[in-house]
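Below: one structure, written as structure tokens.
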Amino acid sequence: IIVNISPYLKQMCMVSASKLMHLLEAFSTPWFLFANHTNYHLVFFLLEIFNNIIQYQFDGNAHLMYSIIRKRHVFHQLSNLPEDPTSVSRPSRKRTDQESEQQIFSNEEWQPSKEWVASWRKKLPLQTIMRLLQVLVPQVEKICIDKNLTDESEIISFLQNGTLVGL
């Protein structure tokens, strides 16, 4: 539903922008992506939300743009996601009795493959976000250095008054 309404989100508050970024951060960890054969869809949905807002509602969503800039490492990690799922270690967790019982009856547990990762990794819709970062990060860094900023309010003000034509 959020993907469908995202082109119409005129103004997102900082809390909502931070929560969406936190979801992307959690869903884009390699161990989560490789844990289930459908988990990568969650990342696709979130990236589509961000792309829609960037393309259609950039002006009113300075808080989201600020969050994207602050968490740019998440997007860089996604673009450099390892193709070899065996190189990613999953955090161990205690299995419930029901999961243990299911494991006994199901000897076949899904395992990610390089081919599976390659099939969706190359389709990640990162171009718009990476272009946004390529344009805005140097501008924001320059403003922070020139004005010796430590407060986010001036950066958000800069983002509210800026435009990205042709993205």
Side-chain angles (χ1 to χ4, degrees), residues 1-36 38-85 87-91 117-167:
I1 293 176
I2 298 174
V3 173
N4 293 337
I5 65 166
S6 61
Y8 308 103
L9 293 175
K10 294 204 178 277
Q11 192 171 20
M12 189 179 299
C13 69
M14 185 59 95
V15 173
S16 298
S18 296
K19 296 286 184 181
L20 281 175
M21 283 305 304
H22 182 71
L23 280 175
L24 180 67
E25 198 169 16
F27 292 162
S28 65
T29 59
W31 67 265
F32 180 82
L33 283 169
F34 300 157
N36 186 299
T38 59
N39 282 356
Y40 72 93
H41 290 287
L42 300 170
V43 172
F44 272 82
F45 292 144
L46 285 166
L47 291 174
E48 193 172 338
I49 290 167
F50 296 144
N51 286 334
N52 285 339
I53 293 172
I54 291 167
Q55 290 176 333
Y56 301 111
Q57 299 296 336
F58 177 83
D59 294 342
N61 285 291
H63 295 291
L64 180 63
M65 301 312 136
Y66 179 75
S67 293
I68 288 172
I69 291 169
R70 289 282 312 244
K71 297 285 188 168
R72 62 186 173 270
H73 69 277
V74 173
F75 300 102
H76 291 294
Q77 287 173 347
L78 262 177
S79 67
N80 297 315
L81 189 70
E83 280 193 21
D84 185 10
S87 67
V88 176
S89 60
R90 296 182 194 169
V117 175
S119 73
W120 57 263
R121 183 178 172 243
K122 62 186 173 195
K123 297 176 190 172
L124 281 172
L126 287 167
Q127 297 81 11
T128 302
I129 296 167
M130 296 307 272
R131 182 69 183 134
L132 170 109
L133 292 172
Q134 185 181 14
V135 170
L136 287 182
V137 168
Q139 292 178 10
V140 169
E141 286 176 345
K142 183 178 181 338
I143 288 171
C144 289
I145 291 169
D146 291 349
K147 295 184 177 181
N148 198 20
L149 295 181
T150 55
D151 183 28
E152 66 189 32
S153 62
E154 286 192 50
I155 297 167
I156 290 172
S157 176
F158 165 75
L159 293 171
Q160 285 171 337
N161 297 321
T163 60
L164 284 178
V165 178
L167 216 92

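Along the sequence shown, the residues carry numbers beginning at 1. Predicted model only: the values in this text are computed from it and were never measured.
You'll find the side chain of L159 reaches within 4.5 Å of the side chain of I155, heavy atoms only. A heavy-atom distance below 4.5 Å is not found between the side chains of Q57 and Q11. Contact check for I143 versus E154: no side-chain heavy atoms found under the 4.5 Å cut-off. Using a 4.5 Å heavy-atom threshold, the side chains of W120 and V43 count as separate. The shortest side-chain heavy-atom distance between L132 and M65 falls under the 4.5 Å cut-off. Here the side chains of V140 and Y66 are not in contact, with every heavy-atom distance at 4.5 Å or above.
Under 4.0 Å is where a charged nitrogen must lie from a carboxylate oxygen, and between E25 and K19 no such pair does.
Counting heavy atoms of neighbouring residues, nucleotides and ligands inside a 6.0 Å radius, atom CZ of F45 does not exceed 12 of them. Counting heavy-atom neighbours within 6.0 Å of R70 CZ, excluding the residue itself, gives a total of 12 or less. Within a 6.0 Å sphere centred on CD of E83, heavy atoms belonging to other residues, nucleotides or ligands number more than 12. Counting heavy atoms of neighbouring residues, nucleotides and ligands inside a 6.0 Å radius, atom CD1 of I2 does not exceed 12 of them.
For N61 (side chain) and I54 (main-chain N/O), no donor-acceptor pair under 3.5 Å exists by modelled atom type. Although no hydrogens or angles enter the test, the distance criterion places no donor-acceptor pair under 3.5 Å between the side chain of S16 and the main chain of M12. A donor-acceptor contact shorter than 3.5 Å links the side chain of S18 to the backbone of M14. Side-chain atoms of R131 never come within 3.5 Å of backbone atoms of T128 as a donor-acceptor pair (strictly under, hydrogens ignored).
Classified by interplanar angle (parallel below 30°, tilted 30° to 60°, perpendicular above 60°), the ring pair F27/F32 is parallel.
Atoms CZ and CD, from F58 and Q160 in turn, are 10.5 Å apart once rounded to the nearest 0.5 Å. In this structure, the separation between CE on M130 and CG on L124 is 11.0 Å, given to the nearest 0.5 Å. The distance from the CG atom of L149 to the SG atom of C144 is 5.0 Å, given to the nearest 0.5 Å. Note that CG of L20 is 9.0 Å distant from CG of L24, once rounded to the nearest 0.5 Å. Going from atom CZ of R121 over to atom CG of L126 covers 10.0 Å, rounded to the nearest 0.5 Å. Distance CG/L64 to CG/L9: 9.5 Å, rounded to 0.5 Å.
Listed by first and then second residue, the side chain to side chain donor-acceptor pair (under 3.5 Å) pairs that reach into residues 39-53 are S6-N52, sequence neighbours excluded. Applying the ring-ring contact (aromatic ring centres under 6.0 Å, His included) test to pairs two or more places apart or on separate chains, none has a residue in residues 4-25.
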Before you tell me yes or no, could you show the steps for Q139 and V135 under side chain to side chain contact (heavy atoms under 4.5 Å, CB included), namely the whole-Å CA-CA distance, both residues' side-chain angles and the distance that decides it to 0.1 Å? CA-CA 7 Å; Q139 292 178 10; V135 170; 3.8 Å; yes
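When every heavy atom of L133 is checked against every heavy atom of I69, the shortest pair comes out as CD2-CA, 3.9 Å. Heavy atoms only, all atoms of each residue included: S67 and M21 are closest at CB-CG, 3.6 Å. Of all the heavy atoms in Q134 and P138, the pair that sits closest is O-CD, 3.3 Å. Residue V117 comes nearest to P82 through the heavy atom pair CG1-O, 3.9 Å, listed as atom of the first residue, atom of the second, then distance.
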